Amino acid sequence: MKILRSQLMGNWYPADGDSLSTLHNPTTEEPIGQASSSGIDFGAVVEHSRTIGGSALRELSFAQRGELLISMSKAIHEHREELLELSMTTCGSTRKDSKFDIDGATGTLYHYGALGKELGEVHVLPDGVGEQLGRSAIFWGRHGRVARNGVAIHINAFNFPAWGFAEKAAAAILAGMPVITKPATSTCIVTERCIDTIVQAGCLPEGVLGLICGSVGDLFDHLHGQDVVAFTGSADTAYRIRSHQNLLRRSTTVNVEADSLNAAILAPDVESGSEIWNLFVREVCREITQKSGQKCTAVRRIFVPQERLEAVEEAFCEELSGRVTGSPFDDRVNVGPLATAQQLSSVLDGVSQLLQVADLVDGTGERVDGVGAKPGQGYFFAPTLLRSREPGGADLIHQLEVFGPVSTICSYDGEAPTAACLNSRGDGTLVTSVYSDSEPWTFDLLRRCGSWSGRFYLASEKMMSQAPGSGIALPSSLHGGPGRAGGGEELGGVRALELYSQRIALQGSRRVVEGFIGD
Ligand code: NAP
């Protein structure tokens, strides 16, 4: 059994004490690791990151920080095969789903590394253009962004132990802030190994990257107004973190990426059997089953014009018949188990609630035995498709996120205002996908419900040869959404650096102001 370690203040701290959490292999249910952060002095940890790591990082230009990120990307990539296997064993992800996490991590670090090189040998991010503030150009004003003098605390969900850590760390380190990352305990073996490769390769100055395996203890009590907390996970935990007394008192910035009932909308212009129809069927079924549905961007609600309902159900059932649930190490399998016993029980409970307002179209709604796994063992749940009993769907369908391979089809009248209204009933999503070749219909929808989703994936015949699917959080596009999705923003290219920097207005002589912004 592996004893997980935290990496803090330049040292490894193995799990110790009475409050050990046990990690399990989701396919066999065998115990595989133990984690705990008890005994760690979080006050000293935070101070070390701010003073040692932060000072070292702020001395570097964006181009130099970009080089650090590229070296992190390379260090992880060199251990790709080992990490893929670790992800299969400890997270239950198939090899393909594991690549999504591990290659997503190295790709995002590399992307931000390249962005650093583009930003160049400077330390300040310009924000808009300069303008004359006085009677003449002698008195000049301009805005810029400088790195915060604090530490970035990153708390991540269990589903992406590599990408989740990397996408947050890339932005913070490039902006000039040291990071302490805390993965979800259940899958932290993968994060620990990623960070081990970075430490072994000597990629970073001391104090720039810390890791907590276990709970955050009293860490939040030591934060102040220059620090940042970036959280990904459930809305309930987000609420607890947001309302932490010290974070409120010190105005510590908190960014939240939480639950999301993402929608896929089929427009009425899409004919059954057309190219765009086939794309819709293929992509939505992938968004339901990839990572066994444990993806914040997975499609949970599918809106289909009433007259296409039967054909959609038939096409989805055919597409889903190719999905085999079981051990990630069995070649026949393309849907792995859920990550933990708790996730399985929460999915079973969620589906039984949905069944009060919807009917099964595909799947059983119950635990299944996994192909290639011992009968009765493993947290297996097969893809499950439901159909809402009432057109548009009961409130529960728009409110309950079942974090597994589960989605519900709701019929609607094919009108853009109705589709817009249904999308907004999710109270804020990370991504909404629209399948249509009608620009007037799409524009009408976007004008009506654009503010309810952080990202719109607009699938049409023109772009389909390069369509990546709606579930990929590309580093150049924003990731985050309003309302129940948490109200946060991550990624989006250089926009991601805003969270970790302070916007300042400079007023002075043009020479001084422009000289500093160009520094
Ligand atoms: P979770 O139970 O809320 O846990 C998320 C993280 O918070 C874990 O690292 C957890 O640590 C930590 N945590 C729990 N209680 C805490 C507290 N009081 N103070 C500080 N940290 C605390 O969520 P999850 O089950 O891991 O993830 C599933 C949820 O995440 C789903 O609802 C999904 O929609 C959401 N998600 C959202 C996004 C997005 O980008 N919007 C991405 C992925 C997942 P421990 O593991 O040690 O408890």
Side-chain angles (χ1 to χ4, degrees), residues 4 6 15 19-23 33-38 42 91 100-101 104 153-165 167-168 180-189 191 211-221 223 229-247 254-262 290-300 338-347 350 399-404 406 426 428-431 453-455 471-473 478-491 496:
L4 275 300
S6 295
S19 54
L20 293 169
S21 300
T22 302
L23 287 61
Q34 286 188 313
S36 169
S37 61
S38 75
F42 285 112
C91 307
F100 198 53
D101 188 29
I153 307 298
H154 291 166
I155 299 180
N156 280 310
F158 70 86
N159 54 344
F160 285 103
W163 175 81
F165 133 68
E167 60 98 16
K168 283 186 172 63
I180 297 173
T181 192
K182 185 222 142 2
T185 302
S186 57
T187 56
C188 70
I189 293 186
T191 323
L211 163 75
I212 300 170
C213 286
S215 95
V216 291
D218 67 353
L219 186 145
F220 292 157
D221 292 337
L223 300 186
V229 177
F231 168 79
T232 294
S234 63
D236 286 347
T237 311
Y239 178 76
R240 275 205 295 280
I241 292 176
R242 267 204 180 110
S243 44
H244 189 280
Q245 286 304 302
N246 185 51
L247 301 187
V254 178
N255 190 77
V256 170
E257 302 290 341
D259 310 358
S260 179
L261 284 141
N262 309 297
Q290 192 173 44
K291 290 283 281 174
S292 308
Q294 302 168 115
K295 230 172 44 164
C296 53
T297 51
V299 171
R300 308 287 177 203
L338 300 175
T340 61
Q342 193 198 341
Q343 282 306 121
L344 175 62
S345 115
S346 147
V347 166
Q399 291 166 356
L400 180 68
E401 184 202 45
V402 180
F403 208 59
V406 180
T429 69
L430 289 174
V431 57
S453 304
R455 176 163 64 89
I472 295 186
L478 278 180
H479 176 62
R484 71 170 295 150
E489 282 187 355
E490 289 182 341
L491 300 176

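Both counts, for ligands and for their atoms, begin at 1 and track the order of listing. The shown structure was predicted, so the numbers you read here are calculated from the model rather than taken from an experiment. All heavy atoms count here, side chains included; hydrogens, waters and symmetry mates do not.
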Can you name the side chain to side chain contact (heavy atoms under 4.5 Å, CB included) partners of Asn159, sequence neighbours left out? Ala157, Gln294, Phe403
Are the side chains of Phe160 and Lys291 in contact, using a 4.5 Å heavy-atom criterion?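 Yes, at least one pair of side-chain atoms sits under 4.5 Å.
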Examine distances only and state if a side-chain atom of Asn262 and a backbone atom of Cys296 form a donor-acceptor pair shorter than 3.5 Å.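 Between the backbone of Cys296 and the side chain of Asn262 there is a qualifying donor-acceptor contact (under 3.5 Å).
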In a simple table, one pair per line, please give the protein and ligand 1 atom names for every N or O pair closer than 3.5 Å, along with the distance.
| residue | atom | partner | partner atom | Å |
| --- | --- | --- | --- | --- |
| ligand 1 | 3 (O) | Ser234 | N | 2.9 |
| ligand 1 | 3 (O) | Ser234 | OG | 2.7 |
| ligand 1 | 3 (O) | Thr237 | OG1 | 2.6 |
| ligand 1 | 9 (O) | Asn156 | O | 2.7 |
| ligand 1 | 9 (O) | Ala184 | N | 3.4 |
| ligand 1 | 11 (O) | Lys182 | NZ | 3.0 |
| ligand 1 | 23 (O) | Ser234 | N | 3.4 |
| ligand 1 | 26 (O) | Phe158 | N | 3.2 |
| ligand 1 | 30 (O) | Gly233 | O | 3.4 |
| ligand 1 | 32 (O) | Asp259 | OD1 | 2.9 |
| ligand 1 | 32 (O) | Glu401 | OE1 | 2.9 |
| ligand 1 | 34 (O) | Glu401 | OE1 | 3.3 |
| ligand 1 | 34 (O) | Glu401 | OE2 | 2.6 |
| ligand 1 | 40 (O) | His479 | NE2 | 2.8 |
| ligand 1 | 41 (N) | Ala258 | N | 3.4 |
| ligand 1 | 41 (N) | Ala258 | O | 2.9 |
| ligand 1 | 46 (O) | Thr185 | N | 2.9 |
| ligand 1 | 47 (O) | Lys182 | NZ | 3.0 |
| ligand 1 | 47 (O) | Thr185 | OG1 | 2.5 |

Looking at the rings of Phe220 and Phe42, which for Trp means the six-membered one, are their centres under 6.0 Å apart? no
Checking Ser234 now: which residues fulfil side-chain hydrogen bond (donor to acceptor under 3.5 Å, both in side chains) with it, not counting sequence neighbours? Thr237
Pairs satisfying salt bridge (Lys or Arg N to Asp or Glu O under 4.0 Å), at least one member in residues 154-163, at least two apart: none
